[in-house]
Amino acid sequence: MNIADPPAPQLPPELIDKFRAIVGDKYAVTDATDIAPYLVEERNLFQGRSPLVLRPGSTAEVAAICKLASAHRIALVPQGGNTGLVGGQTPHHGEVVISLKRMDKIREIDTASNTMTCEAGVVLQVAQQRASDVDRLFPLSLGAEGSCTIGGNLSTNAGGTAALAYGVAREMALGLEVVLADGRVLNALSKLKKDNTGYDLRNLFIGAEGTLGIVTAATLKLFPKPRAIETAFVGLKSPADALQLLSISQTEAAGSLTSFELLADIAVDFSIRHGIDIRDPLESKHPWYVLMELSSPRDDARDTLEVILAEGMEDGIVDDAVIAANLSQRQAFWKLRDEMSAAQKPEGGSIKHDISVPVAAVPAFIEEANAAVVKLIPGARPVPFGHLGDGNIHYNVSQPIGADSADFLSRWHEVNAVVFEIVLRMGGSISAEHGIGVLKRDELPDVKDKVAIELMRSIKAMLDPLGIMNPGKVL
């Protein structure tokens, strides 16, 4: 899926020297071999190009870069951990890349306010650990948490496995520091939960994918660290049964239900087949599975989980279940879930969808989408899994066994059209947590309210009149 625009002209050496003077020789990358890792992404769908990668170490340096770029109309692409899945972090047209990974300081942890202020390049797993070190929880959790960064998480409004209880990235940020296209710095690093002083500018930049400005720091919410975490792996017959189990869980566990993942048998099979040291937690196979987790400030989580599973079995919803006996077993359950995306690669081409529908509509969506996709491409293998608790399903489709991968992937937009028609009819979204980038950019005007698109374009024009901030993404 390379973008077929002509290459941008090379930067004049004197301009490269000016950028280099801002960050220092060591942090201005011009060698093609050293630039290469910044030009590809995890799925290898997109191949970018860039004459220059800048690695600033401070907000002041980012501001100086933007000011110089604005003066010379140089397009910029901000990049965090380069784990995005829709091409939003890739320099498709020869833009200058700004890597925020050096900006990795935790500026402050305030346990009285339950906040942590950190720079954009802080790796998510580091933020989680630093919160844990002071007996707090930062609950954002993603498969890429060992490499994705806070700036990228906020710029894409990342979701993850704990969104059911804590919300998505947007709900976890109290304030932002953002460098605008002209080099001005918006300092809105507030710790306040209540602030009615005009427009909420913070939310303009969360989920904007770097098209309005570059997030350089954020004040994040922390939560009490749970004293008890209990995890169960459940076998059942259908998504409809999983939905009933979710209802029981929410009634019995209330706010302590933190994760509720729905997994198709084929997704579990792929993880077991292609993962390392992964096995089926249950003795026999089931058509569907649920991975659920309760987190409680008290020591009552296991009793509650046992009540939920017992009620599910009595109602004929749960066919089998196992509760993790220790941390190692809990980690094994989650490893099976976390490996599902990677485990699809050895199966050949995979067409991805990151959709959401109302929770009650998930079973009907999966049934309709499966039938529609197989009708379009006989032998195609739907691999649905994801966050049933918030209606976000990663509806992936693996190629027919023995098919040509390139031929299959060439039908990406055909499959999109079939799946998105069902999603929209059910009142859903074509992008639940991965963003728009370029992968879904062309579909966005067809699925978004027309007035909303007009307002988005107006905001973009006002904040980035020269169009230098991550051009060609989202809009």
Side-chain angles (χ1 to χ4, degrees), residues 59 62-63 65-67 69-70 75-80 84 86 88-89 98 100 103 115 117-121 140 148-159 163 167-221 356 429-438 440-441 444-445 447-475:
T59 300
V62 177
I65 290 168
C66 289
K67 185 175 182 180
S70 180
L76 305 172
V77 173
Q79 193 176 101
V86 292
Q89 77 278 24
I98 302 181
L100 281 301
M103 295 185 61
T115 61
T117 301
C118 60
E119 295 181 339
L140 187 64
C148 65
T149 61
I150 294 299
N153 296 153
L154 292 170
S155 293
T156 58
N157 191 27
V168 295
R170 188 184 304 278
E171 280 76 51
M172 298 182 201
L174 287 170
L176 294 184
E177 177 185 85
V178 183
V179 176
L180 303 180
D182 59 8
R184 287 180 297 164
V185 179
L186 172 65
N187 187 355
L189 286 173
S190 172
K191 299 180 184 179
L192 302 176
K193 289 183 171 64
K194 291 183 175 180
D195 182 0
N196 265 342
T197 54
Y199 302 141
D200 185 355
L201 299 176
R202 166 199 59 175
N203 275 326
L204 273 179
F205 300 97
I206 298 176
E209 302 184 45
T211 61
L212 302 179
I214 299 175
V215 174
T216 51
T219 302
L220 307 172
K221 295 180 186 177
S356 61
S429 168
I430 68 168
S431 180
E433 62 179 3
H434 291 165
I436 297 298
V438 296
K440 302 177 185 179
R441 178 193 62 197
L444 188 63
V447 302
K448 192 82 172 174
D449 176 77
K450 303 301 182 187
V451 174
I453 290 288
E454 290 172 5
L455 289 174
M456 288 168 65
R457 292 188 187 281
S458 297
I459 292 168
K460 169 72 171 173
M462 187 268 290
L463 289 174
D464 181 24
L466 301 178
I468 66 169
M469 302 303 289
N470 211 6
K473 316 297 173 54
V474 183
L475 295 172

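Residue numbers start at 1 and run along the sequence shown.
Heavy-atom minimum distance, C66 versus V179: SG-CG1, 3.7 Å. Heavy atoms only, all atoms of each residue included: G210 and P78 are closest at CA-CG, 4.0 Å.
Residue F205 is tested with L154, L176, I214 for a side-chain contact (heavy atoms from CB on, under 4.5 Å); the sole match is L176. Tested against I206, the residues V215, V178, N157 include a single side-chain contact (heavy atoms from CB on, under 4.5 Å) partner, N157. For the side chain to side chain donor-acceptor pair (under 3.5 Å) with D200, the qualifying choice from N196, T197, N203 is N203, the only one to do so.
Here the CG-CG distance, from L174 to L192, works out to 8.0 Å after rounding to the nearest 0.5 Å. Between R457 atom CZ and I459 atom CD1 the span is 12.5 Å, to the nearest 0.5 Å. For the atom pair C148 SG and L140 CG, the distance stands at 7.0 Å (nearest 0.5 Å). S431 OG to K448 NZ: the interatomic distance, rounded to the nearest 0.5 Å, is 9.5 Å. Atom CG of L100 sits about 7.0 Å away from atom OG1 of T149, to the nearest 0.5 Å. We find the CG-CE distance between L212 and M456 to be 8.5 Å, quoted to the nearest 0.5 Å.
Qualifying salt bridge (Lys or Arg N to Asp or Glu O under 4.0 Å) partners for R184, counting only residues two or more places apart in sequence or in other chains: D182. Looking at residues two or more places apart in sequence or on another chain, you find a salt bridge (Lys or Arg N to Asp or Glu O under 4.0 Å) between E119 and R107.
Under a cut-off of 6.0 angstrom, the local environment of NZ in K67 is sparse, with at most 12 non-hydrogen atoms contributed by other residues, nucleotides or ligands.
Side-chain contact check for D464 versus T211: every heavy-atom pair is 4.5 Å or farther apart. No side-chain heavy atom of K440 sits less than 4.5 Å from a side-chain heavy atom of V447.
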Return all side-chain donor-acceptor pairs below 3.5 angstrom for residues 468-475, not counting sequence neighbours, or 'none' if the list is empty.
from: N470; atom 1: OD1; to: K473; atom 2: NZ; distance (Å): 2.6
from: N470; atom 1: ND2; to: G88; atom 2: O; distance (Å): 2.9
from: N470; atom 1: ND2; to: E209; atom 2: O; distance (Å): 2.7
from: K473; atom 1: NZ; to: G88; atom 2: O; distance (Å): 3.1
from: K473; atom 1: NZ; to: T90; atom 2: O; distance (Å): 2.8

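Under a 3.5 Å cut-off, the side chain of K460 and the backbone N or O of P465 do not form any donor-acceptor pair. At least one donor-acceptor pair closer than 3.5 Å links the side chain of Q79 to the backbone N or O of Q89.
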Run the side-chain contact (heavy atoms from CB on, under 4.5 Å) test on I150 and L220 for me, step by step, so that the C-alpha distance in whole Å, both residues' side-chain angles and the decisive distance to 0.1 Å come before the verdict. CA-CA 10 Å; I150 294 299; L220 307 172; 4.1 Å; yes
